[in-house]
S.K.: 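After the structure tokens below, expect a handful of questions from me.
So that the names make sense, note that chain A is the first sequence line, chain B the second, and so on, each numbered from 1. Being a predicted model, the structure only gives us computed values, none of them experimental.
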Amino acid sequence: MRSSPCSKPKRRLWFRRDLRVEDNPALAAGVRLGEVVAVFIWAPEEEGPFFPGRVSRWWLSQSLLHLDSSLRSLGTSFITKRSFDTASTLLEIVHSTGATNLFFNHLYDPLSLVRDHRLKELLTARGITVRSFNADLLYEPWEVYDENSRPFTTFAPFWNKCLSMPYDPAAPLLPPKRITTGDVSMCPSDTLVFEDESEKGSNALLARAWSPGWRNADKSLTAFINGPLIEYSINRKKADAATTSLLSPHLHFGELSVRKVFHLVRMKQLVWINEGNRAGEESCNLFMRSIGLREYSRYLSFNHPCSHERPLLSHLRFFPWVIDEGYFKAWRQGRTGYPLVDAGMRELWATGWLHDRIRVVVSSFFVKVLQLPWRWGMKYFWDTLLDADLESDALGWQYISGTLPDGRELDRIDNPQFEGYKFDPNGEYVRRWLPELARLPTEWIHHPWDAPEPVLQAAGVELGSNYPLPIVEIAAAKARLQDALAEMWQLEAASRAAIENGTEEGLGDSSELPLIDFPEEMQMEVHLEPLRITNNSPAVDRRHEDQMVPSMTSSVVRVEEEEVSTDVGNIAGDSRQEVPSNVNFDEAPEREEIDGGSLPTVRDNNVVQHFNPARLQIPVQSMEDSSSSRTERDGGVVPVWSPPTTSSRSEQFVADDTGITSSSYLQRHPQSHQLINWRQLSQTM
DNA sequence: CCAAAGTTTAG
DNA sequence: TAAACTTTG
């Protein structure tokens, strides 16, 4: 009965961030149709500045081991390849295994959008059938549109729409019972190295707290749903308790299917609704909302692929960021003088983890009090977080920075002292992570600078010596922020006027300037006590350019013994900008229908993109272009990701008939609702 | 019933 | 911080 090997379709299955065998549509499709060769390609240099950080690489390595053993026990081998060019490596594997098909699951970060499209063209041109699937989202970004068939630009209506779609997210697929392996005798695996010697010690600690791998992810999900979920609505505000799901790293690497999460949580919710358990019901809503934010981050990334490096609201281009690496360093080290902020930063450093609320606190402090460029902070998160996720982190930082239409107000400064008493009322969190303040009474724990001298003495705290005074006073930060915003609006107005007058070189249209790189070695002298800024401090160094992230290697000092070393940033310091490839999207077809499946594609008729991963420049889909064509659930037709049109109408986030009343802030600054005009940008890029 | 005062909530 | 929602006089 066996057909000859030649006539049997041979699938190649390309794993990326879908490291599971359960509910993996690409895997399921492959298994259904023939022999399968499973592949993982490690080409981190292609990620440009977003080379994974130490903890993230550790997780990946563990997850791959786990997947490898699953695949082997199902009957197939798992090929791993070290590569500097995914495309050529894939071609190589295709040839050496005689594969006729390539299956994989979608990714939505800007780099993958471009790379996957290019790969598909490349392989299709060589007679390989390529199919791609949704394994990462409840609904594909191109399935969710508003009543005018345009993409949503704010979260709440987006999420409402997701929750009221005419069809449910696909039900999870069971793992295959057995996988027929393809011939891999000509395709040896490379041994992948994810850590260097200096990182081993720190990584060993991670294994005590975390268990990567899809089966463990599944266990964590079950444990969460049967445990903390019911109290989630109450507990999620506490910085110090393990009451969140802790699923984000599992989700990032696709060890866990969000669709499974969705269906299990909803089943639980129905039970609680039946029991009349309001808190449980609400907990499910809130938890699913945070899953929704993850969905939205992909949605935004798909519709605005530059969101990881450029503000989505155009006026933010004119914000005069404070360029102060001393601030940056103090923030990273947890030496800002604000206990809640510092505790968070120490926890992040020590564990690669941070409670969601604390992420908001430290990033909002970073942007609003220190006024450092948000991309620096995002990069540091990227390097240190176990669940570092480009789309989610870009969404978070843009939200905090006020560069989203529904983000935090630009002129709002949260006071870490008050937030401290809100999220850590007893100071336990601060005491855990700041041993130098451990003996301070709760009354003063979140504002030691106000404490009477005898109290400080009794607690062994010497401000300015073993714990810093506030690096910037809140009142000074407020004043400074007002100045910066005034300057920003002035420049924005000037620029608009210049453009209207046809004086093309609009004043300070800074996003067109090259991003400024920092010198490799920074001669910041190590001041244990960073300069304090008060109301009468001299002017700070401000710049409008959206700067590159400075190298963190050279500037981090050991302040505590437990700070192993600064491997966190060492990758960032390497020069790995050498992955140039010119991408030309000229030939993209209008509509893709290849073996029933296709992936999001990028197309640009006018411009040959010089694709430099270190600085992605992709023309962005305009609101008007959004195709409204519907997608079938699995492997259906996908709208081509279209280029900007020539129309120059700028997108508005209107707060009109939908009943969103505009705040006084918005009345003063209506531009706060206006998306950056990507079309204009892309024409000059 | 209204308005003021208090409470909650936001990624 | 500030807006929306709830409680109270």
S.K.: Would you kindly give the CH2-to-C1' distance between A:Trp159 and B:dA10, to the nearest whole Å?
M.R.: 17 Å
S.K.: Starting at CD of A:Glu419 and ending at P of B:dA10, how long is that distance when rounded to a whole Å?
M.R.: 14 Å
S.K.: Would you mind reading off the distance between A:Phe365 atom CZ and C:dT1 atom P, rounded to a whole angstrom?
M.R.: 15 Å
S.K.: So A:Ile400, base contact, sugar-phosphate only, or nothing? Heavy-atom distance under 4.0 Å.
M.R.: nothing
S.K.: Mind jotting down which residue pairs meet the salt bridge (charged side-chain N to carboxylate O under 4.0 Å, His left out) criterion with at least one end in residues 348-371 of chain A? Sequence neighbours excluded, please.
M.R.: A:Arg359-A:Asp387
S.K.: In whole angstrom, give the distance that lies between atom CD of A:Glu409 and atom P of C:dA2.
M.R.: 8 Å
S.K.: Tell me every residue that passes salt bridge (charged side-chain N to carboxylate O under 4.0 Å, His left out) with A:Asp23, counting only those two or more places apart in sequence or in another chain.
M.R.: A:Arg259
S.K.: So, using side chain to side chain contact (heavy atoms under 4.5 Å, CB included) as the criterion, who are the partners of A:Tyr399 when residues are at least two apart?
M.R.: A:Leu404, A:Arg408
S.K.: Rounded to whole Å, please give me the gap between CG in A:Asp414 and P in C:dA2.
M.R.: 11 Å
S.K.: Using a 4.0 Å heavy-atom cut-off, does A:Lys478 contact any base of the nucleic acid, only the sugar-phosphate backbone, or nothing at all?
M.R.: sugar-phosphate
S.K.: Enumerate all atom pairs, one protein N or O and one N or O from nucleotides 6-9 of chain B, separated by less than 3.5 Å.
M.R.:
unit_1 : atom_1 : unit_2   : atom_2 : d
B:dT9  : OP2    : A:Lys237 : NZ     : 3.2

S.K.: Rounding to a whole Å, what distance do you find between A:Asn415:CG and C:dT1:C1'?
M.R.: 11 Å
S.K.: Partners of A:Trp272 by ring-ring contact (aromatic ring centres under 6.0 Å, His included), sequence neighbours excluded?
M.R.: none
S.K.: Does any non-hydrogen side-chain atom of A:Arg16 lie less than 4.5 Å from one of A:Asn105?
M.R.: no
S.K.: Tell me the interatomic distance from A:Leu286, atom CG, to B:dA10, atom C1', rounded to whole angstroms.
M.R.: 11 Å
S.K.: Expressed as a whole number of angstroms, how long is the span from A:Arg408:CZ to B:dA10:P?
M.R.: 11 Å
S.K.: With A:Asn160, which residues qualify under side chain to side chain contact (heavy atoms under 4.5 Å, CB included), at least two apart?
M.R.: none
